[in-house]
Number of protein chains: 2
Amino acid sequence: MDRREEIMLAAEKSFSMFGYKATTMDRVAKIANVGKGTIYTFFSNKEELFHSIVWKMVEEMKNVSERTAKEGASFQENAHARIMQLLKFRETHQLFIKLIEEEKELRTPAVGDALTSIEKEILKFIAGKIERGVAKGELKPCDSELIAFLLFRSYLALVNDWSKTHDEQLTEKQITDILNGTIFSSLLV
Amino acid sequence: MDRREEIMLAAEKSFSMFGYKATTMDRVAKIANVGKGTIYTFFSNKEELFHSIVWKMVEEMKNVSERTAKEGASFQENAHARIMQLLKFRETHQLFIKLIEEEKELRTPAVGDALTSIEKEILKFIAGKIERGVAKGELKPCDSELIAFLLFRSYLALVNDWSKTHDEQLTEKQITDILNGTIFSSLLV
DNA sequence: AAGTGACCGAAATACCATTTCGGTCTGCTA
DNA sequence: TAGCAGACCGAAATGGTATTTCGGTCACTT
């Protein structure tokens, strides 16, 4: 395998296991079986390497989300499935988990920036779906960016935050019921 | 003025200016013109004193919010006015500002607990209004706690969080438009 | 030409001496 | 003698500094 790929794999492994701060360039080099200087042939610094890994993860996340959509299903059904998949990825994928944890405990700036740009990318992804829905005549014209924001934040609140102050998680039915009645119903043509 | 009141005023002043961690019992005693031991005659410890002050603030916040509601106005209008008032209080009231800041930077556990219980109280307040709306036949029956949660979180996201990733704040019109079309419209009879 | 790892200095960490502060308690004052 | 004050205590926080860590470079090897 080519050296760049080796380094990417090693970095992904290390960032996933130890987070940003605790992965050292020495460690990445060691895992990749490569001299430390070699890393700097392909990546100009630690942050750029990190960005490459994060970007790769975001692409994978979007692909996974995309794959959950079904051909004949309604807009809400697919939107719901896609967003739930995004949230599931978020709390399942090792690297993502580690980054959220590091942001909470360590406040590493590079990690904060990464999470911000990930959310931005997710919102762009959702907004794109909404625009396509509008173009296909399934949805009323609307401010796709604003709706994407409200929708994603609502999901985040209902799926992740509710259970922080209540004993049991909301069921998927409760979530679909409340959102179909509110945000989705206002979108549909 | 009685000594308990003096102490409360001194504590409120100090917590507002310096936050929880940086207000010392010595300082409170000094401001109140009272010996430190005297504080312990009225409050069993620093946390209890803090709770008293926070509780007083929450009561005031609810009162202020209550006062913005108009007699003849529709449910949405009053709900909107009340919640906007809550959010305004949140970013206007010295003590509240200080607590949010301290939670973000210092992570003082007592402050985190206080903010959690404040939010809980706000949600109870909103849920109560929804229940009254249902009882008066203005709103459809619904899970008031869940709706209160979604509504308040939506406001928080639109008013406070949107501007963190975008250049300009949302206008009040944009906010009412989007929420009247979604959450509120599903509530109304 | 491509790759390596010893090396550099800024920044983080660990360590410990010193200070701070919540809470107690004895003695003072009215 | 009841209510109040502030000196006092020890656990915890803080500050200063000796030491280590780590991102990035570069002279050397293959």
Side-chain angles (χ1 to χ4, degrees), chain A residues 1-54 98-99 101-114, chain B residues 1-54 98-99 101-114:
Chain A
M1 203 185 300
D2 72 348
R3 304 179 100 70
R4 190 192 151 90
E5 192 63 16
E6 298 269 28
I7 293 167
M8 288 276 281
L9 285 175
E12 187 179 350
K13 197 177 290 182
S14 183
F15 285 133
S16 298
M17 293 179 69
F18 310 108
Y20 179 81
K21 198 180 165 198
T23 91
T24 66
M25 294 303 261
D26 276 310
R27 177 175 260 155
V28 173
K30 189 72 72 65
I31 298 176
N33 273 316
V34 140
K36 185 164 57 157
T38 308
I39 298 176
Y40 290 88
T41 312
F42 301 101
F43 302 93
S44 60
N45 53 42
K46 186 182 177 183
E47 271 208 43
E48 193 190 302
L49 175 59
F50 181 55
H51 263 94
S52 298
I53 302 301
V54 167
K98 202 72 200 174
L99 295 184
E101 182 192 317
E102 189 168 353
E103 164 68 1
K104 204 170 59 186
E105 331 266 54
L106 281 305
R107 292 279 167 87
T108 320
V111 173
D113 294 348
Chain B
M1 203 183 301
D2 72 348
R3 304 179 100 71
R4 192 193 150 90
E5 193 63 17
E6 300 269 27
I7 293 167
M8 288 277 280
L9 286 174
E12 187 178 352
K13 196 177 291 182
S14 182
F15 285 133
S16 298
M17 294 179 68
F18 309 109
Y20 179 81
K21 199 182 163 195
T23 92
T24 65
M25 294 302 261
D26 277 310
R27 177 175 260 155
V28 173
K30 190 72 72 63
I31 298 175
N33 275 318
V34 142
K36 185 163 57 154
T38 307
I39 299 176
Y40 290 87
T41 312
F42 301 101
F43 304 92
S44 60
N45 53 41
K46 187 182 177 183
E47 271 208 43
E48 193 190 301
L49 175 59
F50 180 56
H51 264 93
S52 299
I53 302 299
V54 168
K98 203 71 200 174
L99 295 185
E101 183 192 317
E102 189 167 354
E103 165 66 1
K104 204 170 60 186
E105 332 265 53
L106 283 305
R107 293 278 167 86
T108 320
V111 173
D113 293 350

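Each chain gets a letter, A, B and so on, in the order its sequence line appears, and its residues count up from 1.
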For the residue pair B:F43 and B:I53, establish whether any side-chain heavy-atom pair is separated by less than 4.5 Å. no
Tell me whether the side-chain N/O atoms of B:K21 come closer than 4.0 Å to OP1 or OP2 in C:dG22. no
Closest to the B:Y40 side chain: C:dG22, D:dC4, C:dA12? C:dG22
Pi-cation contact, B:F18 with B:R27 (under 6.0 Å, within 45°): yes
Looking for any heavy atom pair under 4.0 Å, which part of the strands does B:T23 touch: base, sugar-phosphate only, or nothing? sugar-phosphate
For B:T24, report the nucleic acid contact type (base, sugar-phosphate, nothing); a contact means any heavy atom under 4.0 Å. sugar-phosphate
In whole Å, what is the span from the CD atom of B:E6 to the C1' atom of D:dC4? 14 Å
What's the CZ-P distance between A:R4 and C:dG3, to the nearest Å? 14 Å
What is the distance, rounded to the nearest whole Å, between atom CD1 of B:I39 and atom C1' of C:dT24? 14 Å
Any sub-3.5 Å donor-acceptor pair from A:S16's side-chain atoms to A:E12's backbone N or O? yes
With distance as the sole criterion, do the side chain of A:K36 and the base of D:dG23 form a donor-acceptor contact below 3.5 Å? yes
First encountered from the 5' end of DNA chain D, between A:G37 and A:M25: A:M25
When all nucleic acid strands are considered with a 4.0 Å heavy-atom cut-off, which category describes A:K30: base, sugar-phosphate, or nothing? nothing
